[in-house]
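Read through the structure below, which is laid out as structure tokens, and then see the notes.
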Amino acid sequence: MDEHEFRKITVNQMGYPLSGKKIAVFTGTGHDFQVLEENSGTVVFTGKTGVAKWDKASGVSVHTGDFSEVRAAGHYRIEQNDGAVSASFPITDKPYHELQQGLLKAFYYYRCGVELTEDYAGPWKHKACHTAEGIVHGHSELRLDSSGGWHDAGDYGKYAGPGAKALADLLLAYELYPSAFANAFTLPGSDGIVPDVLLECKVELDWLFKMQDSDTGGIYHKLTTLNFPGLDVMPEDDTSDLYFSPVSAAATGDFAGVMALSARIYAPLDAAYAAKCLKAALAAWEWLVQHPAEIGFTNPPEITTGEYGDEVDDDERYWAAAELYRTTGEETYHQVFQKLAQLSFPKYSLGWADMGGYGTLAYLLNGEKPTDSVLYDSLKEGLLTEAERLYQVSLEDGYHISLKEEDYIWGSNMLVMNNAMLLLAAEHCSGDSRFADCAQDHLHYLLGRNVLDISYVTGFGDRPVMHPHHRPSVGDTVAEPVPGLVSGGPDRGLHDEYVVEHLQGKPAAQCFADHELSYSTNEVTIYWNSPAVFVVARFNQMS
């Protein structure tokens with residue numbers, strides 16, 4: 001796609017709040033623009049864009065136009081005299097309400113082991129899948145209940161570590177922004193008492209319990225077939241044997257962390273369930289204590305599904321210690337946390353492999369009083385320093401996000417949303433509104449204010465992703481993909497055959513293909529949706 005083929009005016013296709021900054025990004029040469037009411041064509045605002053600058057990551061010259069003065073609710077578009085027209089977009093008091101519901105509803109569509117009925121799934125219904133017992137790898141005679149939980153991504157594997165990351169994002173979103181979840185969407189089992197986000201998390205937690213080895217407390221790393229099924233295979237037609245892969249330290253640390261977090265979150269609503277979570281977390285912690293120097297996970301030779309290998313487990317242990325300390329108040333966990341904090345691993349990362357950021361957040365959210373004040377201050381200073389770095393990078397970026405050219409990696413949209421989440425954590429700890437404004441710019445990027453003028457969320461926006469690498473979306477007979485799924489985004493490494501053939505020589509932020517064969521740019525996963533839910537919840541709170 002050449003530059004002249006882009007829509008020259010890009011906006012957040014899901015819209016803007018009534019108050020606050022409203023910025024569009026322009027790639028044409030003209031600087032005059034008008035904001036028009038969509039239906040009547042009435043011009044409601046005229047303005048000029050700023051000075052153009054070259055944006056290396058996107059490969060275009062960009063300039064921005066501020067139309068913050070438009071504060072009347074309605075649907076609008078932006079035009080220029082050369083005929084350039086933006087996407088249609090709303091300005092409302094709650095532009096992200098439906099989006100948050102859609103991003104959260106995606107987890108329902110990811111559900112495994114149950115029928116998705118037309119009442120709740122609409123045209124994306126399908127029969128129950130993966131209900132057979134799973135075989136414990138290396139113990140062919142041992143078969144265990146493996147049903148439930150969420151499919152991880154565009155395939156049907158289920159993975160303990162990535163599942164824990166997704167759960168942590170959703171539970172933290174509820175903890176920090178509970179009012180955003182007050183108006184629940186309808187789920188099977190909704191009772192009007194337990195917020196639907198917690199009902200949905202329970203689906204994955206109930207499956208995670210099944211991943212715990214009852215003898216040792218360790219956590220099986222993943223549950224998959226030996227090989228991926230074909231791209232058009234529906235969930236209920238994937239009937240190959242399922243295998244529990246061996247226990248890993250990373251999975252066990254993640255499990256201990258998320259179960260301790262869950263025990264705290266569910267305690268006011270369901271004391272018995274919270275106690276079950278804590279008991280499971282303690283058993284996993286005991287496994288970690290008994291296995292202080294465990295080697296990293298690698299796929300058994302005959303298993304070719306996603307490995308999610310992780311050679312370093314210090315960060316998972318750090319998170320587990322922080323959550324167990326926060327939940328129980330027991331000094332034993334505090335001492336382990338203090339020791340682990342001295343080790344060299346990322347303390348502010350929120351990725352499935354580097355989970356240290358969750359340990360840091362757990363410690364900071366615990367408050368100053370029961371902590372080591374020197375360590376607390378050091379971690380807080382580090383968080384604010386990292387947020388400031390992201391903020392400064394965003395100031396230099398043409399589309400106002402914190403990714404440098406080299407950051408457009410496989411799953412770059414996870415980085416976009418994880419960075420926004422970190423910025424919001426810094427806002428929470430400091431009260432500095434600059435960080436929230438910067439996080440909102442990241443949301444604008446995800447929803448269309450990017451060089452490709454595409455909303456990276458299926459079913460949302462004027463020009464959303466239409467062809468994700470997602471087996472149910474490919475295998476069903478519905479033209480539109482399952483809605484609410486966050487696509488992986490540009491990957492300058494060109495890691496699949498389709499993009500190698502079609503995207504050679506493209507700038508980093510243009511290395512994306514809305515095609516079902518592009519698994520490296522257009523797959524979807526639960527842990528790309530989860531930080532997006534967190535970020536949107538911040539801007540969807542009840543006033």
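Count residues from 1 along the sequence.
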Task: Close side-chain approach of Val457 to Leu103, heavy-atom, < 4.5 Å - done: yes
Task: Met417 side chain reached by Asn413 side chain, heavy atoms, under 4.5 Å - done: no
Open item on the list: Does the Lys NZ or Arg CZ of Lys165 fall within the cation-pi geometry relative to Tyr358 - under 6.0 Å from the ring centre and within 45° of the axis?
Closed with: no
Task: Note: Lys127-Glu115 ion pair, threshold 4.0 Å (strictly below) - done: no
Task: Cationic N near anionic O, under 4.0 Å, Glu204 to Lys158 - done: no
Open item on the list: Has Asn450 got a side-chain atom pairing as donor or acceptor with Asp453's backbone, closer than 3.5 angstrom?
Closed with: yes
TODO: Check whether any side-chain N or O of Glu523 sits under 3.5 Å from a backbone N or O of Gly154 as a donor-acceptor pair, and report yes or no.
DONE: yes
Open item on the list: I'd like to know if the side chain of Glu316 reaches the main chain of Met355, judged simply by a donor and an acceptor atom lying under 3.5 Å from each other, with no hydrogens or angles considered.
Closed with: no
- [ ] Using modelled atom types only, decide if a donor and an acceptor are shared between the side chain of Thr305 and the backbone of Phe228 within a distance under 3.5 Å.
- [x] no
TODO: Provide the closest heavy-atom pair for Leu199 versus Ser190 in the form atom of the first, atom of the second, distance.
DONE: CD1-CA, 3.6 Å
- [ ] Evaluate side chain to side chain contact (heavy atoms under 4.5 Å, CB included) for Leu198 paired with Leu269, printing each intermediate quantity in order.
- [x] CA-CA 10 Å; Leu198 298 187; Leu269 298 162; 3.4 Å; yes
Open item on the list: Between Pro481 and Met466, is there a side-chain heavy-atom distance shorter than 4.5 Å?
Closed with: yes
Open item on the list: Show the nearest heavy-atom pair for residues Ala509 and Val451, with the distance to one decimal.
Closed with: O-CG1, 3.6 Å
- [ ] Mind listing the closest non-hydrogen atom pair of Gly15 and Tyr96 along with its distance?
- [x] O-OH, 3.2 Å
Task: Pair Gln100, Asn540: side-chain N/O donor-acceptor within cut-off below 3.5 Å - done: yes
Open item on the list: Pair Tyr408, Phe512 - check ring pair (Phe, Tyr, Trp, His ring centres under 6.0 Å), show working.
Closed with: CA-CA 10 Å; Tyr408 287 89; Phe512 173 82; over 10 Å; no
Open item on the list: Go through it in stages, so that I can follow the logic: the residues are Phe89 and Asn12, the test is side chain to side chain contact (heavy atoms under 4.5 Å, CB included), and I'd like the CA-CA distance, side-chain angles, deciding distance and then a yes or no.
Closed with: CA-CA 7 Å; Phe89 61 91; Asn12 181 334; over 6 Å; no
Task: Donor + acceptor pair across side chains of Tyr174, Asp169 (<3.5 Å) - done: no
Open item on the list: Is it true that Asn418 and Tyr348 share a donor-acceptor pair across their side chains at a distance under 3.5 Å?
Closed with: no
Task: Distance-only side-chain donor-acceptor flag, Asp491 / Thr521, under 3.5 Å - done: no
TODO: Could you verify whether a donor N or O on one side chain and an acceptor N or O on the other, from Ser394 and Tyr399, lie under 3.5 Å apart?
DONE: no
TODO: Flag the pair Ser412 / Pro490 as yes when at least one side-chain heavy-atom distance between them is below 4.5 Å, and no otherwise.
DONE: yes
Task: Exceeds 12 heavy-atom contacts within 6.0 angstrom, atom CD of Glu294 - done: yes
Open item on the list: Could you tell me if the side chain of Pro472 sits less than 4.5 Å from the side chain of His151, heavy atoms only?
Closed with: no
Task: Sidechain-backbone polar pair: Thr131 side chain, Gly113 backbone, donor-acceptor under 3.5 Å - done: no
TODO: Please say which of Tyr308, Tyr527, Tyr159 ends up in a side chain to side chain donor-acceptor pair (under 3.5 Å) with Asp152.
DONE: Tyr308
Task: Any donor-acceptor pair under 3.5 Å from Glu307 side chain to Thr298 backbone - done: no
TODO: Check step by step if side chain to side chain contact (heavy atoms under 4.5 Å, CB included) holds for Met211 and Leu223.
DONE: CA-CA 8 Å; Met211 296 297 285; Leu223 177 79; 4.2 Å; yes
- [ ] Test Trp150 against every option in Phe107, Tyr156, Tyr110 by the ring pair (Phe, Tyr, Trp, His ring centres under 6.0 Å) rule and name the one that passes.
- [x] Phe107
TODO: Taking all non-hydrogen atoms of both residues into account, name the closest pair between Gly217 and Trp287 and its distance.
DONE: C-CB, 4.1 Å
- [ ] Kindly compute the distance separating CG (Leu144) from CD1 (Ile135), expressed to the nearest 0.5 Å.
- [x] 10.5 Å
Task: Shortest non-hydrogen contact between Gly134 and Ser146, atoms and distance - done: N-OG, 3.6 Å
Open item on the list: Determine whether a donor-acceptor pair (N or O, by modelled atom type, separation under 3.5 Å) exists between the side chain of Trp124 and the backbone of Glu480.
Closed with: yes
Open item on the list: For the backbone of Ser402 and the side chain of Asp397, can you confirm whether one donor and one acceptor N or O come within less than 3.5 Å of each other?
Closed with: no
Task: Check: Tyr498 ring centroid to Tyr519 ring centroid under 6.0 Å - done: no
Open item on the list: Is the shortest side-chain heavy-atom distance between Val482 and Thr458 below 4.5 Å?
Closed with: no
- [ ] Find the distance between CD1 (Ile454) and OG (Ser487) and round it off to the nearest 0.5 Å.
- [x] 7.0 Å
Donor-acceptor pairs are to be reported for all side-chain atoms of residues 229-252 against protein atoms at under 3.5 Å, with residues two or more places apart or in another chain.
unit_1, atom_1, unit_2, atom_2, d
Asp238, OD2, His130, NE2, 2.8
Ser248, OG, His221, ND1, 2.7
Ser248, OG, Ala251, N, 3.1
Thr252, OG1, Ile219, N, 3.0
Thr252, OG1, Ser248, O, 2.7

Task: Main-chain N/O of Val500 paired with Gln504 side-chain donor or acceptor, under 3.5 Å - done: yes
Open item on the list: If you define the side chain from C-beta out and look only at heavy atoms, does anything of Thr360 sit under 4.5 Å from Tyr318?
Closed with: yes
Task: CG on Leu176 to CE on Met421, rounded to 0.5 Å - done: 8.5 Å
TODO: Go through the steps for Glu200 and Arg111 under the test salt bridge (Lys or Arg N to Asp or Glu O under 4.0 Å), then give the verdict.
DONE: CA-CA 9 Å; Glu200 193 58 63; Arg111 285 189 186 186; 2.9 Å; yes
Task: Reported CD1-to-CG distance for the pair Ile265 and Asp270, which is rounded to 0.5 angstrom - done: 13.5 Å
- [ ] Report yes or no: is the cationic atom of Lys347 (NZ for Lys, CZ for Arg) under 6.0 Å from the centre of the six-membered ring of Phe345, at an angle within 45° of the ring normal?
- [x] yes
- [ ] Report the residues that fulfil side chain to side chain donor-acceptor pair (under 3.5 Å) with Arg449, sequence neighbours left out, ordered by chain and then residue number.
- [x] Asp441
- [ ] Measure the spacing between OG1 of Thr27 and CD1 of Ile9 and express it to the nearest 0.5 Å.
- [x] 8.5 Å
- [ ] Could you go through the ring pair (Phe, Tyr, Trp, His ring centres under 6.0 Å) check for His444 and Tyr16 one step at a time?
- [x] CA-CA 9 Å; His444 294 327; Tyr16 300 83; 5.1 Å; yes
Open item on the list: Checking side-chain polar atoms at under 3.5 Å, does Lys210 have a donor or acceptor matched by the opposite partner on Ser147?
Closed with: yes
TODO: Decide yes or no for Glu141 and Val136: does some side-chain heavy atom of the first lie under 4.5 Å from some side-chain heavy atom of the second?
DONE: no
Open item on the list: For Ala353 versus Asp310, what's the shortest heavy-atom pair and its separation?
Closed with: O-OD2, 3.0 Å
Task: Nearest-0.5 Å distance that lies between atom SG in Cys201 and atom CG in Leu167 - done: 5.0 Å
Task: Ser88 and Asp462: side chain donor to acceptor below 3.5 Å - done: no
Task: Donor-acceptor contact present, side-chain Thr225 to main-chain Asn227, <3.5 Å - done: yes
